[in-house]
Trainee: 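The structure is given below, and queries will be raised subsequently.
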Amino acid sequence: MAVRTVRWLMNLSAKNSNPNHLNNLFFSWDLSLIETLRPLAHSFYLRSATKVAPELLGKGLYVRHKKKHFFCQIIEVEAYLGSTDPASHAFKGPTQRNRSMFEEGGTCYVYLSYGLNYCMNVVTDIEGKGSAVLIRSAVPLFGLKEIAKNRHISGPLDAKNIKNLLSGPGKLTQGLGIDRSFDGMRFDQDALKIVDLKYTVPKKQLGFSPRIGISKAKEKNLRFFIKGSEFLSRP
DNA sequence: TCTGCGATATTC
DNA sequence: AATATCGCAGAC
């Protein structure tokens, strides 16, 4: 493994270091290295969304689309619990839109929100449960210029703009070029994968809160995020 | 920094 | 009629 990868991973593991502060991003990932990272094991996804969601924090998400390559680190998610959860798309059973939610864990569910923005979910648990984890925001690690282009952000890639690249579920999909064509794909492919970055969120940096923008089941703390990160959808 | 609003697919 | 959103305009 390249020296700088090791250094970066050590940086992540260092006590009290927050991987999601801008200062820790002065690391340049190269593509050949990202491509060697192995997808998470199938068994990782075959658990409840409540279990999987906080463990997705700190994981790497790689997307290859139209010969463009993107890599980012997940820092904010929400768990949706399937047919028992009134806030979940799966609550009322399968429809044409949410069909892939009922596939086996490790499947990608993408839907169009408010007729405008796509949102990307990681399906969890066994087939038929309909539980999933919404990816809300991420730290961009590779392909920043292309992400900015997709986001229609012009001007310099300064701190302000970089923090705005993937800080929201709609921004994330727009930045990475995710659309309905990703719906039903799996996260263990060459072109779409979630990988382990050997980083465990320190207990004191694991934040949780109610989910954002819902009207039902508001009291449940099913949003999980890395506390203090500058890349969250809301500070 | 904060509000309200418009754009609009899918489902009930 | 409501929604798992975003960016902008205009008020503070």
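Throughout, a chain's letter reflects where its sequence line sits, starting with A, and its residues are numbered from 1.
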Trainee: Just do the ring pair (Phe, Tyr, Trp, His ring centres under 6.0 Å) check on His65(A) and Phe182(A) with the steps written out, would you?
Mentor: CA-CA 10 Å; His65(A) 193 214; Phe182(A) 283 78; 4.9 Å; yes
Trainee: P atom, dC5(B) versus dC12(C): distance in rounded Å?
Mentor: 15 Å
Trainee: Do Asp183(A) and Ser100(A) have a side chain donor and acceptor closer than 3.5 Å?
Mentor: yes
Trainee: How many Å lie between CG on Leu112(A) and P on dA7(B), as a whole number?
Mentor: 16 Å
Trainee: Would you kindly give the CZ-to-P distance between Phe91(A) and dA2(C), to the nearest whole Å?
Mentor: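 Taking atom P of dA2(C) as the reference, CZ of Phe91(A) is at 18 Å.
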Trainee: Kindly say whether, by distance alone, the side chain of Tyr111(A) makes a donor-acceptor pair under 3.5 Å with the base of dA9(B)?
Mentor: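 When only heavy-atom distances are counted, Tyr111(A) does not reach the base of dA9(B) through any donor-acceptor pair under 3.5 Å.
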Trainee: Give a yes or no on whether the backbone of Leu33(A) and the side-chain of Thr36(A) come within a donor-acceptor separation of less than 3.5 Å.
Mentor: yes
Trainee: Would you check if the side chain of Arg211(A) reaches a backbone N or O of Ala79(A) as a donor-acceptor pair within less than 3.5 Å?
Mentor: yes
Trainee: Would Tyr114(A) count as stacking on dA9(B) if stacking means ring centres less than 5.5 angstrom apart and planes tilted under 30 degrees?
Mentor: no
Trainee: Decide if the gap between the ring center of Phe142(A) and the ring center of Trp29(A) is smaller than 6.0 angstrom.
Mentor: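 They do not qualify: ring centres at least 6.0 Å apart.
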Trainee: Using atom NZ of Lys92(A) as one end and atom P of dT10(B) as the other, report the distance to the nearest whole Å.
Mentor: 17 Å
Trainee: Report the base-pairing partner of dT1(B) (Watson-Crick or G-U wobble, both distances below 3.5 angstrom), or none.
Mentor: dA11(C)
Trainee: Rounded to whole angstrom units, what separation is found between the CZ atom of Arg211(A) and the P atom of dA4(C)?
Mentor: 9 Å
Trainee: Relative to Phe44(A), does Arg47(A) satisfy both conditions: NZ or CZ under 6.0 angstrom from the six-membered ring centre, and within 45 degrees of the ring's axis?
Mentor: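 Judged by the rule (NZ or CZ under 6.0 Å from the ring centre, within 45° of its axis), Arg47(A) counts as positioned above Phe44(A).
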Trainee: Taking atom NZ of Lys193(A) and atom CD1 of Ile34(A), what is their separation to the nearest 0.5 Å?
Mentor: 8.5 Å
Trainee: Can you check whether Tyr111(A) and His89(A) have ring centres sitting under 6.0 Å from each other?
Mentor: yes
Trainee: How close or far is atom P of dT10(B) from atom OH of Tyr109(A), stated in whole angstroms?
Mentor: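 Rounded to whole Å, this separation is 10 Å.
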Trainee: Expressed as a whole number of angstroms, how long is the span from Arg234(A):CZ to dA4(C):C1'?
Mentor: 12 Å
Trainee: Could you work out which one of dA4(C), dT3(C), dT11(B) sits closest to the side chain of Ser88(A)?
Mentor: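 Of all the options, the side chain of Ser88(A) is nearest to dA4(C).
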Trainee: Could you write out each protein N or O paired with an N or O of nucleotides 6-8 of chain C at a distance under 3.5 Å?
Mentor:
unit_1 : atom_1 : unit_2    : atom_2 : d
dC6(C) : OP1    : Pro169(A) : N      : 3.1
dC6(C) : OP1    : Gly170(A) : N      : 2.9
dC6(C) : OP1    : Lys171(A) : N      : 3.4
dG7(C) : OP1    : Arg151(A) : NH1    : 2.6
dG7(C) : OP1    : Arg151(A) : NH2    : 2.9

Trainee: Nearest-Å distance, NE2 (His89(A)) to C1' (dA9(B))?
Mentor: 11 Å
Trainee: Is dT8(B) paired to anything, Watson-Crick or G-U wobble with both distances less than 3.5 Å, and if yes, which nucleotide?
Mentor: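 dT8(B) is paired with nothing.
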Trainee: If the cut-off is 4.0 Å, is Thr95(A) near the phosphate of dT11(B), judged by side-chain N/O to OP1 or OP2?
Mentor: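 So the side chain of Thr95(A) is within the cut-off, an N or O lying under 4.0 Å from OP1 or OP2 of dT11(B).
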Trainee: Could you tell me whether the side chains of Glu146(A) and His69(A) share a donor-acceptor contact shorter than 3.5 Å?
Mentor: no
Trainee: Could you state the atom-to-atom distance from CD1 of Ile212(A) to P of dT3(C) in whole Å?
Mentor: 16 Å
Trainee: I'd like a table of atom pairs between the protein and nucleotides 1-3 of chain B - only N or O on both sides, under 3.5 Å - with the distance next to each one.
Mentor:
none

